[in-house]
Structure formats: C-alpha cells, structure tokens
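These notes are about the structure you will find just below.
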Protein chains: 2
Amino acid sequence: MKQTTRQQKIIDLVQKNGYVSTDDLVERFKVSPQTIRRDLNELADENKIRRHHGGATTPLSSVNTAYNTRKVMQLHEKDCIAEALVKYIPNGATLFIDIGTTPESIAKELVKNHKDLRVVTNNINVAAILMGNEDFKVILAGGEVRNRDGGIVGEATLDFIKQFRLDFGILGISGIDYDGSLLDFDYHEVRVKKAIIENSRSVYLAVDHTKFGRNAMVNLGNISELDMLITDQQPPEEIAALLKEHNIPFEVISRTS
Amino acid sequence: MKQTTRQQKIIDLVQKNGYVSTDDLVERFKVSPQTIRRDLNELADENKIRRHHGGATTPLSSVNTAYNTRKVMQLHEKDCIAEALVKYIPNGATLFIDIGTTPESIAKELVKNHKDLRVVTNNINVAAILMGNEDFKVILAGGEVRNRDGGIVGEATLDFIKQFRLDFGILGISGIDYDGSLLDFDYHEVRVKKAIIENSRSVYLAVDHTKFGRNAMVNLGNISELDMLITDQQPPEEIAALLKEHNIPFEVISRTS
DNA sequence: GTCAATTTGTTGTAATTCGAAACTAATATG
DNA sequence: CATATTAGTTTCGAATTACAACAAATTGAC
C-alpha cells in the first residue's frame, strides 16, 4: 500500500473513531511503529490530525466551531434541566422536539430509559440521537437544513409540522423578556415554533437562566401559553409573577455542582 | 473542589475538545497526576470517556453498532468509487443523493472540494455530512426515520422528492441481477429510488462488485435507465454486454490497495 | 471534638511510548 | 551501471505514563 493511501486511511479512521492508537494502526497496516509515528507526525504537521502520546485524535474542529462551542455553554445545566423534564414525559407519548441545544439534551435523556415514543422533530441532531433507541418512531420534518446547527426550517417544514397534533411540544428558546414575551432570532424558526405550540396539547419550555431577560428580535408568543417551564435558577421576580398569575407550574432544578 | 464536580468538568472538557491529557488536567485542577488518573479510570469504567495512554477521549457511541459495522465493509472500495464519481459532478449542480453507504461516501467526497451544490436527500447521514460545507444548500426530505440506517422513507418522502427536478441522481443499490434488473429489499425505499430516477436529468449508479448478481426482492428498474455506472471491478459478462448494448458509459476504478 | 469514611498526595516500580540513527529494499535518474 | 531518492525496518536508550500501596488530609456524622 502506498504511503499516501495509508495516511488517508489514518485520517478517515481518526475522523470516524475520534481516536486511534499507534498500536491499532501497527496492527491494522502491518507496519512498524516507527512508520506509523512518521505518518502521524507528518499528518500532525499538516494539521490533519492532533498528535498525542500513544496515538492521535481529530484536529480542532475545522467546521461548525461556532455551533459546537455554543453547545458546551452551560452543558451541565442543560443536562440537569433535561433530566428533570423527561420525568414528565410518559412512555408511549407523542411529542414535538424543537431546534436548539437544550432540546438536544432532552433527546439524549429520553433515549436512555423511555419506551415507545413517537417523536416529530425538525432538528437533524435530535433525529440522529433518537435513532439510537429502537423503540422510538422518529419523524423528521422536511425542508432546508441550516448548516450552522442542523435545524430544518422553511415553508415546507411548516406544512409538515401542521399535519400532526401531538401530546407534548418541547421547546427551546433564545430569550424571555421581562414582560413574558418568548423571543428568538430567526423569523422562519419562530414560525415553526408557533406551529409546534398550536399543535401540542401541552407545551413544555426548557431554558437555562441565561435566557431570562435576554433580548432577541422576533416575538413568538407569551409565557402564558405554556403548560410548564423548567429551568435551573429561580427566574427574576417579574417572570415569576407572570408564571404565578397564569398558574403555570415551573420547576427550578437543584444544582448538583 | 469536590470530586464529582471535577469529574463532571473533565467530561465537559473531553466533550468540548475531543481529547484531554492528564497533564492538562493536573495543570487545570492543581491536583496530583494520580488523582487525575483515578478520576479518568473511574469515568472510563462508567463509559463516560475513553481512557488512553496520556489522557482520554470521547466515548464511542454505543448505539448504531449494526449499521456502523456494516459501514466498514468494502470501505476502501466505496471511497475509491466515490472519488471517481464526484469528478463527473460540476460545481453549482443540483443533485439527489440516495440512501446507502456508498452514497454516504460520495457525500464525504463532495464535501471536500465542491462548491455551491444544492442537494436533496432522504438520508440523514448524508445531510449531516453535507452540512460541513457552508457553500452547500442541503434539503432533507421529511418522513419517518429508519433507526437502522437513518434513511427516510414513506409516502410523505415520496411527495417531497417529487417536487424537485435536478441535474443528477446519485443512487446506491442492493443488487443487480444478470438480466440488468436493479434490485433492493425495501418496497418503500424502492419507491423513493424510482422517484429519484424519474426526476433526475442524469442518473449515476455507484456499486461495489459484491452487488453484481446479488439478489433482492424488489425490482426498481433496469440498468438501461442509467446514464453512468461506476464500480470497482469489471462487471460480469452479461451485465457488461447490457451496458454496451444500451451505450451506457461505465468506469471501473483501478484499485490502489 | 472524635471517629470513620472518603479523598488526595507520595513514593517506588513496571510498562509504554518516543525519537534518532543505522540498515535494507525498491525505484527512479542520469 | 552507478547514484540518488524514498519508504520501511530494526535497535536501543531516554522520556513519559501508569499502577499499587501506603501515608496524610479532608470531610461528614454524631
């Protein structure tokens, strides 16, 4: 086998597995450890991989950096919120799951223990996550895929969503204003969110505390339309008052860290 | 700092960077290497991370094993076929990409150097791959997601596909009979493939040699409907004769391994 | 405050991994 | 045909990392 071929294969392997050890590669290509080290060092020089003691990993993500770094913010909080929310979802339920990193965390939680869910989503990541559970029936809305986050939006998506009427709508959101307005940045995304609200028997909103009072351009409805809110810190007074006024149950998870 | 907190932070770091070294962690938490090793080993036992000499990486996704192992079969051949096929796709083209592992390889090739493609697909993996290139416009067909391979099939998918009329249709397939019949296993999938054939100006079929003479239940058309066939080994006489008879160009890639 | 359990640090030793240099084989190149 | 050039292997000392066992420190409960 040619050197270039081998190096290409090494890149593929790293991309696929996230990590390869020199031993693995020696085994796989039947060459000496030194040869592998040369390959790895050369590839590392070209930034094709990251070199480490004992092997190599994927280079610092070339694409999707914006989305992937955003994904990590408040990761632990999102997980805790997700853990709390899924307790309210019974087995066998039907639900929408929205675009966003929090909804993705929720999908990860659902996949662990739930059974027989039927889920409609317009988030390609959520669909990929839910595929992991064979008991689930996953329906993906069609439309144009946004490269930045794998969300699917547009007119076609809207029509698709409107075909369904499900038990739960699980929403993420960009901001909640002090007057209870639910806000987001993208007009098209907002239209889909609205459709989800209209076609769900119960709407659950999961937000981390950074969203309170945060501003965004497009109004997609009011907090009074929700059936439950789950968050990780006591909301500001104004919002807490609104929740009380409209008798909307909300859960503030206890932080474990 | 508590042990649980540190371990959670380690997980976050691994998720974020794909890799952390023990040294990094020692530096970051100001604790002894031994403590870090204990943490890493514990986390590895719980499958939260993958342990390696010198550090740790993200765990291997436990799900999708059946599909992922299948994915590796003839991996190199598929890659070579893909490399040959994408040379026929000009920048700025519009194309369908089908369900299957070969089409996924093709998507991986396209993402590397092509520009301004507009792609319609019913394969969630292809969509995820193509997202990597910001120049591409990716349109995903809606419908039910098959857990086993991320294919999207069904009536809704069919209607969605039929809305488009594109330059190229890139097909994968389960088998080609000696009489030139194109065969597959799933009736619903076949209907989608037929729709792709009907709505593409040129249909390109990429198959590895294991598909020749292989039988499957559902007939989805004849080899004469193709505009090009790319494969990795000289096809059997019968099929070669059919290709010649219908003046269908085909390329047999030279194996580099 | 005391005791027990847990967590962390230290030390010594074993196991891996690395890189440099010398050597072999195959392939061009004039 | 002699000579570069390139890729690969082998060997070996140095550096790095890991693990086990025990001591020290911290924590939590009563």
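Within every chain, numbering begins at 1; the chains are lettered A, B, ... in the order of the sequence lines, protein sequences first and strands thereafter. Just so it is clear, the values below take in all heavy atoms, side chains as well, and ignore hydrogens, waters and symmetry mates.
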Sequence neighbours left out, cut at 3.5 Å: what donor-acceptor pairs do the side chains of residues 19-26 of chain B make with other protein atoms?
unit_1	atom_1	unit_2	atom_2	d
B/Tyr19	OH	B/Gly54	O	3.4
B/Ser21	OG	B/Asp24	N	3.0
B/Thr22	OG1	B/Gly54	O	3.4

Kindly list each side-chain donor-acceptor pair under 3.5 angstrom involving residues 82-93 of chain B, sequence neighbours excluded, with atom names and distances?
unit_1	atom_1	unit_2	atom_2	d
B/Tyr88	OH	B/Glu251	OE1	2.6
B/Asn91	OD1	B/Lys115	N	2.8

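In the region residues 34-43 of chain A, proximity to DNA chain C at under 4.0 angstrom, judged on heavy atoms, holds for A/Gln34, A/Arg37, A/Asn41.
Annotation: salt bridge (Lys or Arg N to Asp or Glu O under 4.0 Å) contacts of B/Lys137 (sequence neighbours excluded): A/Glu144. Evaluation of the side chain to side chain contact (heavy atoms under 4.5 Å, CB included) rule for A/Ala127 yields A/Thr121, A/Val138, A/Leu140, B/Ile124 as partners, not counting sequence neighbours. Remark: A/Asp116 engages no residue in a salt bridge (Lys or Arg N to Asp or Glu O under 4.0 Å) (not counting sequence neighbours). Looking at residues two or more places apart in sequence or on another chain, you find no side-chain hydrogen bond (donor to acceptor under 3.5 Å, both in side chains) involving A/Thr231. Contacts of B/Glu27 classified as salt bridge (Lys or Arg N to Asp or Glu O under 4.0 Å), with partners at least two apart in sequence or in another chain: B/Lys30. Judged as a side chain to side chain contact (heavy atoms under 4.5 Å, CB included), and not counting sequence neighbours, the contacts of B/Ala107 are B/Val126, B/Ile129, B/Leu130.
Rounded to whole Å, the distance from CZ on B/Arg6 to P on D/dT26 is 14 Å. What separates CG of A/Asp23 from C1' of C/dC18 is a distance of 13 Å, to the nearest Å. Taking atom CG of B/Leu25 as the reference point, atom P of D/dT17 lies 12 Å away to the nearest angstrom. Atom NE2 in A/His52 sits roughly 18 Å away from atom C1' in D/dA18 (whole-Å rounding).
Contact annotation: B/Thr22 side-chain N/O to D/dT17 OP1/OP2 distance is not under 4.0 Å.
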All N/O pairs under 3.5 Å across the protein-nucleotides 25-28 of chain C interface:
none

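Between the axis at the start and the axis at the end of the helix from C/dG1-D/dC30 to C/dG30-D/dC1 there is an angle of 40°, using five pairs per end and rounding to 10 degrees.
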Determine whether A/Lys9 and A/Asp12 satisfy the following criterion, salt bridge (charged side-chain N to carboxylate O under 4.0 Å, His left out), listing intermediate values before the conclusion. CA-CA 5 Å; A/Lys9 283 197 166 204; A/Asp12 289 351; over 6 Å; no
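Projected onto DNA chain C by closest heavy-atom contact, B/His53 and B/Val31 fall at different nucleotides, the more 5' of which corresponds to B/Val31.
Side chain of A/Arg214 to main chain of A/Ser174: a donor-acceptor pair is present (N/O by atom type, distance under 3.5 Å, no hydrogens or angles).
Pairs passing the side-chain hydrogen bond (donor to acceptor under 3.5 Å, both in side chains) check and including a residue from residues 32-43 of chain A, sequence neighbours excluded, read A/Arg6-A/Asp39, A/Gln7-A/Asp39, A/Gln7-A/Glu42, A/Ser32-A/Thr35, A/Asn41-A/Arg51.
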